[in-house]
2 protein chains.
Amino acid sequence: MTQGCDNAVLAFAKHDHGHCTDDVLARADALSEERGVRLTPVRRRALEILLEAHRAMGAYEVLERLAAEGYGNKPPVAYRALEFLVEQGLAHRIRRLNAFAACMHPGETHAPAFFICRTCGAVAEAPAEAVRAAMEVAARALGFAIERMNAEALGLCPGCAEAAR
Amino acid sequence: MTQGCDNAVLAFAKHDHGHCTDDVLARADALSEERGVRLTPVRRRALEILLEAHRAMGAYEVLERLAAEGYGNKPPVAYRALEFLVEQGLAHRIRRLNAFAACMHPGETHAPAFFICRTCGAVAEAPAEAVRAAMEVAARALGFAIERMNAEALGLCPGCAEAAR
DNA sequence: ATATCTTATGTTATATCGTAACAGTCAAGA
DNA sequence: TCTTGACTGTTACGATATAACATAAGATAT
């Protein structure tokens, strides 16, 4: 685990990639074992695909990859694998993009916060306990019980902001 | 028209509805004037529809209403009107629901935070400056410049939580 | 006032995303 | 071994969204 994998991932900064991928996969295996759920071949492969791409991918894009490797080539194949990953906190769904991305720090309870560059499409997932906390405060005022949440921001990543000047 | 709110509500609490609708429309007119943008008939009507419904509505649902009143009945008619409203901060897009809802306090810069009841489907929009602030902090750490953001939480509204016990 | 430019509306056509429902498969326990 | 429940695969369809182009309505300049 070298550069930037621990902080803002799917990050804007370059970093050693093999490590964070292996790491996350190992943790995914461990978590599944622990929880008694099955990280089956399609599911694991779907996660690997997301990790390899290291960016947000549409379900059909993941499906294409899966199909090329002998798995089914109909939408439910991808959606089900991705749904499982999201349920287990191994991936996140980024609604603004109709896309999915591997979670870079699974296991830790966290409210995913995404920062999406509107120019280059890069997506960073940042830990955002403070965001979750703020949402909890607002929820309490409404008497609302939060079960899941996420926050998404659109804007310019450092690189594109630089280029724009 | 005081009690249309008890069903699917934009706020979980009951409240006088005629006032907030009229209020918001008046402010929408004023803001548009101020900004030199045109709140044309379709656009204004789309906003009224969202306000009347007082809940999140899909684009096709809005389209149906518009078409019934003599406006075009093809998707772009609704999508364009809604897009305008979102751009002007007069409505919000709730990605989790593929739906739109009128903004209940337009003009104020705010980060919309939505609380969506997974049982009854009601949606509350809460002011969430603290959420925005937390996102800004995280963004700064990444060198990311936020242009728009939103947060969505799924869970149980007070009524449904009560009923579930 | 009228020609011109810009913005908005409407339509056709199609792309993209997502799911319900059912059939076959496989692994694990009774 | 047989049943049971979870997983995979398929068909078929529904829902959501946009590109591209034609027409109409406002705004602007002369």
Side-chain angles (χ1 to χ4, degrees), chain A residues 28-29 32-33 35-50 56-88 90-101 116 118 121 152 154, chain B residues 28-29 32-33 35-50 56-88 90-101 116 118 121 152 154:
Chain A
D29 287 328
S32 299
E33 175 71 31
R35 293 174 183 164
V37 297
R38 294 165 56 198
L39 188 58
T40 60
V42 223
R43 293 168 174 177
R44 193 168 199 280
R45 192 69 197 103
L47 179 55
E48 282 173 24
I49 287 166
L50 289 179
M57 294 178 80
Y60 279 74
E61 205 178 344
V62 173
L63 176 60
E64 214 172 286
R65 297 284 313 273
L66 289 173
E69 299 175 25
Y71 295 103
N73 69 334
K74 302 300 159 52
V77 168
Y79 279 102
R80 284 196 289 231
L82 292 167
E83 183 188 23
F84 170 87
L85 296 175
V86 170
E87 254 164 27
Q88 295 302 318
L90 300 172
H92 296 297
R93 187 166 192 161
I94 302 170
R95 322 263 350 180
R96 184 157 222 137
L97 302 176
N98 293 325
F100 298 81
I116 306 163
R118 72 163 153 76
E152 300 177 9
L154 192 71
Chain B
D29 287 327
S32 299
E33 175 71 31
R35 292 172 185 164
V37 298
R38 294 165 56 199
L39 187 60
T40 60
V42 223
R43 291 167 175 176
R44 194 169 198 279
R45 193 70 196 103
L47 179 55
E48 283 172 22
I49 288 167
L50 290 180
M57 293 178 81
Y60 279 75
E61 205 178 346
V62 173
L63 177 59
E64 214 171 285
R65 297 283 314 273
L66 289 173
E69 299 175 25
Y71 297 102
N73 69 335
K74 303 298 160 52
V77 169
Y79 280 101
R80 283 196 292 231
L82 292 167
E83 182 188 27
F84 170 87
L85 295 175
V86 170
E87 254 164 27
Q88 296 301 318
L90 300 172
H92 296 298
R93 188 167 193 161
I94 302 170
R95 320 276 333 191
R96 183 157 221 136
L97 302 176
N98 293 323
F100 299 82
I116 306 163
R118 73 164 152 76
E152 299 178 8
L154 192 71

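Here is how names work: the chains are called A, B, and so on, in the same order as the sequence lines, proteins then strands, and each is numbered from 1.
In this entry the distance linking CG of A:Leu82 with C1' of C:dT19 reads 14 Å, nearest Å. Rounded to whole Å, atom C1' of C:dA15 lies 15 Å from atom CD of A:Glu61. Atom C1' of nucleotide D:dC7 and atom CZ of A:Arg44 are separated by 18 Å, given to the nearest angstrom. Rounded to an integer number of Å, the gap from A:Asn73 CG to C:dC17 C1' is 16 Å. Atom CG of A:Leu66 and atom P of D:dC7 are 17 Å apart (whole Å). In this structure, B:Leu39 atom CG and D:dG26 atom P are separated by 14 Å, rounded to whole Å. Rounding to whole angstrom units, OH of residue B:Tyr71 and C1' of C:dA8 are separated by 13 Å. One atom, CZ of B:Arg35, and another, P of C:dT7, lie 18 Å apart when rounded to the nearest Å.
Each end of the helix from C:dA1-D:dT30 to C:dA30-D:dT1 gets its own axis from five base pairs, and the two axes differ in direction by 30°, given to 10 degrees.
Taking 4.5 Å as the limit, every side-chain heavy atom of B:Leu82 sits out of range of all side-chain heavy atoms of B:Arg93. For the pair A:Asn73/A:Leu66, no side-chain contact is recorded, criterion being any heavy-atom separation below 4.5 Å from C-beta on. Between B:Phe84 and B:Thr40 the shortest side-chain heavy-atom distance does not fall below 4.5 Å.
By the 4.0 Å N-to-carboxylate-O rule, A:Arg80 lies too far from A:Glu83 to be salt-bridged with it. Ionic pairing of B:Arg65 and B:Glu61 is not present here: no N-O contact between side-chain nitrogen and carboxylate oxygen is shorter than 4.0 angstrom.
Look at A:Arg80 and you won't find any side-chain N or O under 4.0 angstrom from OP1 or OP2 of C:dT19. At the phosphate of C:dT7, neither OP1 nor OP2 sits under 4.0 Å from any side-chain N or O atom of B:Arg38.
Atoms CG and CD1, from A:Leu97 and A:Ile116 in turn, are 4.0 Å apart once rounded to the nearest 0.5 Å. With rounding to the nearest 0.5 angstrom, the CE atom of B:Met57 is 14.5 Å from the CG atom of B:Asn98. Remark: B:Leu63 CG to B:Tyr79 OH distance equals 9.0 Å, nearest 0.5 Å.
Under the salt bridge (charged side-chain N to carboxylate O under 4.0 Å, His left out) criterion, A:Arg118 pairs with B:Glu147, not counting sequence neighbours.
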Please enumerate all protein N or O atoms sitting under 3.5 Å from an N or O of nucleotides 15-19 of chain D, with distances to 0.1 Å.
{"unit_1": "D:dA17", "atom_1": "OP1", "unit_2": "B:Arg93", "atom_2": "NH2", "d": "2.9"}
{"unit_1": "D:dA17", "atom_1": "OP2", "unit_2": "B:Tyr79", "atom_2": "OH", "d": "2.9"}
{"unit_1": "D:dA17", "atom_1": "O5'", "unit_2": "B:Tyr79", "atom_2": "OH", "d": "3.3"}
{"unit_1": "D:dA17", "atom_1": "N7", "unit_2": "B:Tyr60", "atom_2": "OH", "d": "2.6"}
{"unit_1": "D:dA17", "atom_1": "N6", "unit_2": "B:Tyr60", "atom_2": "OH", "d": "3.4"}

